[in-house]
Structure formats: structure tokens, C-alpha cells
Amino acid sequence: MNINEYKNRRQELMDILSEGSMAILPAAPMQLRNCDVHYPYRQDSNFYYLTGFPEPQALAVIVPQREQGQYLLFCREKNQNKEALDGNIIGLEDACEIYGADDAFPITDIDDIIPGLMESCRCLYYPMGYYEEFDDKIIEWINQLREHVRSGKVAPFEMVSVDHILHEMRLQKTDAEIQALRAAADVSILAHKRAMQFCRPDLYEYELEAEITYELLRNGCRAEAFPTSVAGGKNACILHYTENKDILNNGDLVLIDAGAEINHYASDISRTFPVNGHFSKPQKTLYELVLKAQRAAIGKIYPGNQWNDPYNAAIVVITEGLKDLGLLVGKVDILIEEEAYKRFYTDHIGHWLGMDVHDPGNYKIDDVWRYLEPGMVMTVEPGLYIPAAEDISEEWWNIGIRIEDNVLITVGGHEVLTSELPKTVIEIEALMARKAF
Ligand code: GLY
């Protein structure tokens with residue numbers, strides 16, 4: 001992403017910060033496995049959003065009133081004697097030249113420099129409660145200043161959690177972010193298509209997962225946005241199923257929930273398709289009901305509508321459909337009021353999507369469902385999960401279906417970023433018939 005993108009974000013944050021304040025954000029800590037290898041490392045999304053800086057052991061400090069430069073980056077130094085070993089370390093010079101810091105300092109100098117910067121600030125913005133070590137450090141610096149109060153030092157007396165501000169900023173995607181989300185969606189589509197074309201009875205769920213991972217990796221995706229779920233048959237009724245260990249039986253459906261992360265932006269797609277390439281009549285009936293609900297939900301996505309409008313549209317379709325099939329009995333409006341559909345449709349409609357798969361941002365403001373605005377991106381993922389129960393006709397037992405797309409809210413309505421992936425019964429069966437692997 002262009003360096004100006006990050007600069008604009010820092011400026012937007014500075015415009016929001018109160019007078020006489022500063023903001024401090026830490027990079028994500030390194031993760032150690034049960035050996036001393038730091039792997040895999042994923043930068044903290046808020047930190048990355050403001051800096052584009054990919055390394056651990058870094059701290060971004062933003063001081064709007066600092067005349068010598070408002071954006072300071074503390075990071076690892078290149079060691080000239082060990083160039084071969086730490087050649088990948090960005091170092092102080094490039095922190096300024098490539099990543100746009102006004103000043104860069106060694107991370108080892110934070111205790112010497114930061115209390116001095118805090119001294120001139122009345123209000124400190126930082127992400128509270130995310131990283132224990134960093135929280136402790138902030139308290140340590142503040143106490144250090146308090147100890148010297150008689151020599152005229154003043155500690156910030158107001159602490160504000162910066163994440164709320166950043167989360168609101170992150171909700172509205174810029175053109176560059178939308179481009180990144182498109183890239184993640186495009187690669188994810190390829191992976192789902194591959195799984196559909198590779199699928200056949202008697203494979204194991206993990207074999208389809210392997211095809212997904214293969215297609216993601218060969219298209220430049222270094223990390224999945226979340227653990228891939230390949231759920232055959234009744235496993236599709238298990239929430240967040242990721243064991244992917246069972247055999248895929250002839251006659252069952254398989255539900256795949258998978259998405260790429262590309263350049264720190266996520267995609268999140270679910271598709272459900274028949275293991276043998278052909279929907280049975282009950283599977284097709286329920287599938288088309290979920291699809292109708294998803295289309296009704298997507299139809300409600302436009303600026304000025306509220307977050308819950310798509311959900312409400314979906315539950316009307318689902319409830320009417322379940323009633324027509326005899327799976328619910330009663331009047332539709334009463335069934336909706338009593339939330340009878342929740343026996344079969346347990347989730348909400350979706351979530352915000354962005355740098356994180358469950359991107360931050362409130363869904364309600366002052367107890368009112370949030371209004372949709374251009375630039376927001378959300379998933380739309382209604383589903384039906386039918387348990388094996390005595391009061392349910394056996395033809396429906398253990399059918400689990402979810403259809404999930406990624407939707408950008410535009411000025412004129414919406415755009416489905418994942419629309420290239422087959423979704424109708426005819427499209428899915430046609431793609432599966434063209435076995436490519
Ligand atoms: N599709 C993954 C998740 O929403 O958790």
C-alpha cells in the first residue's frame with residue numbers, strides 16, 4: 001500500500017486526538033512456539049493500519065504538537081557487524097525513508113525517551129488491555145514521572161483507549177483497502193473453486209483443506225484469514241468446526257468456510273455443495289431456501305439501511321420457507337416474534353470484514369443498530385442447520401448449509417466482492433462436473 005495511505009490515516013487520527021495529547025501503539029509481540037523460533041508473526045492490525053510497519057519489537061508514537069516531527073517509530077536497529085544474519089531487519093534509516101517516520105529510534109531506548117515525551121502531554125491515547133507487558137510499561141512510565149513531580153515533571157492525567165477511534169476509522173474502507181479486499185476475495189474464490197472441482201466421495205475433509213491451502217499459497221497468500229473449516233455431512237451443524245478429519249460420504253453435503261489474508265486484508269467465504277456433485281431433492285430445497293434468504297439479505301444492503309435490516313429480511317424468508325416445508329408450524333409473524341427459526345438458524349447475519357476477519361467496529365450506537373454507509377464491508381452468511389430429531393422428517397436430518405459472501409456498501413447500494421464464485425445449484429453442479437484435478 002502506498003506510504004501516503006498510512007500518512008493520511010495518521011493525520012486523520014491526529015485531527016481526532018484532543019489538544020495536548022499523544023498516542024502510543026505497540027507492535028504485536030513475537031510469538032514463540034515450543035522452541036525458540038518466532039513464527040508465525042502477524043502484525044497488530046491497529047499498529048499496521050497506522051504504520052504499514054511489519055516488524056515486531058516496534059512502537060509508534062504520535063505527538064501532534066511536536067515541532068521536530070509528529071510521528072516517531074521505535075524499532076530494531078540493523079547491526080552492521082551481523083548484516084548477513086539480520087539483513088531483513090528494516091532498521092532506523094528505512095523506518096524513516098520507506099515507512100515515513102519523522103524520527104526513528106532504537107527500541108532499546110524507549111525508557112530513556114518516552115517519559116520525556118509524555119511529560120508534555122495531558123492526555124495519553126493507547127490500546128488498553130491488549131498486551132499485558134505494554135500496559136505495565138505505560139504504568140511504569142507514568143509512575144516514573146509522578147516520582148519526579150517536585151522537580152516539575154507532570155504525568156498525563158487522562159488516559160483514553162485509542163482502539164475505539166481506530167476501529168471506527170477502520171470501518172470505512174479507502175479505495176486502496178477495497179482493492180486489497182478484492183485481492184483477498186479473488187484468491188479465496190480460486191481456492192473454493194478448486195475444492196469444488198476436486199471433491200469426490202471417500203476423500204477425507206483434510207484432503208479438501210489441503211487443496212484450499214495449496215491454491216491459497218500458490219496465489220501468494222501466506223496466511224489464511226482464519227482456520228479453514230471443511231465440514232462434511234452432520235459436521236456442518238457444528239459451529240466453528242475445524243477438525244476436518246472425517247470422510248466425505250457419497251450423498252452428503254460439504255460446507256467449506258475458508259478465506260485468504262492478502263497483505264493484511266481478509267476474505268471470508270462459505271459455500272455448501274454435494275460431495276458427489278449432485279444435490280438431492282431435500283438438499284436442493286433447503287439450499288435454495290438459504291440462497292433466497294441470502295439474496296433477500298443482500299438486497300437490503302444500501303446506505304441508510306441499518307445493520308439488522310439484512311438479518312430481518314433473511315429471517316422472514318427462512319421462517320416462511322421452514323413453515324412451507326412443515327419444519328415450523330404456526331403463523332409466520334408469531335414464529336418470527338417467538339424466534340422459532342433459531343432452532344435451525346442460530347447465527348446472526350454476518351460481521352464486518354477488513355484487516356481482521358471479524359473486523360472491529362460497533363454494530364449498535366447508543367443502542368440503535370448502526371446505519372450502513374458507503375465504504376463499509378460486511379459478510380452475509382445465513383444458514384440452516386437441521387438436527388436429527390424425532391419431530392423432524394428424516395429427509396432433512398443433519399443437513400447443514402451456509403452461503404457466505406463479502407459485500408461492499410457503495411453509494412448506490414452494494415457490490416458483492418465474491419460474486420464470481422458459483423452459488424446457484426446449477427452453477428455449482430456445472431463447475432463440479434468439470435473435474436479439473
Ligand atoms: N468464517 C469464519 C468466522 O467468521 O469465524
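First listed ligand is number 1; within each ligand, the first listed atom is number 1.
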Inset, instruction - Check whether any side-chain N or O of K323 sits under 3.5 Å from a backbone N or O of G330 as a donor-acceptor pair, and report yes or no. - result: yes

Legend entry - E243 and Y206: side chain donor to acceptor below 3.5 Å: no

Legend entry - Heavy atom of V357, distance to ligand 1 below 4.0 Å: no

Legend entry - Geometric N/O contact D268 with ligand 1, under 3.5 angstrom: yes

Legend entry - Under-4.0 Å salt bridge between R194 and E207: no

Inset, instruction - Give the numbers and elements of all ligand 1 atoms closer than 4.0 Å to a heavy atom of F226. - result: 1 (N), 2 (C)

Legend entry - Polar atom proximity, D257 to ligand 1 (N or O, under 3.5 Å): yes

Inset, instruction - For H351, take its heavy atoms, then give the atoms of ligand 1 lying under 4.0 Å from any of them. - result: 4 (O)

Legend entry - Side-chain donor or acceptor of E140 paired with backbone N/O of D136 under 3.5 Å: no

Inset, instruction - To the nearest 0.5 angstrom, please state how far the CD atom of E338 sits from the CG atom of D333. - result: 10.0 Å

Legend entry - atom 5 (O) of ligand 1 - nearest protein heavy atom and its distance: H358 NE2, 3.0 Å

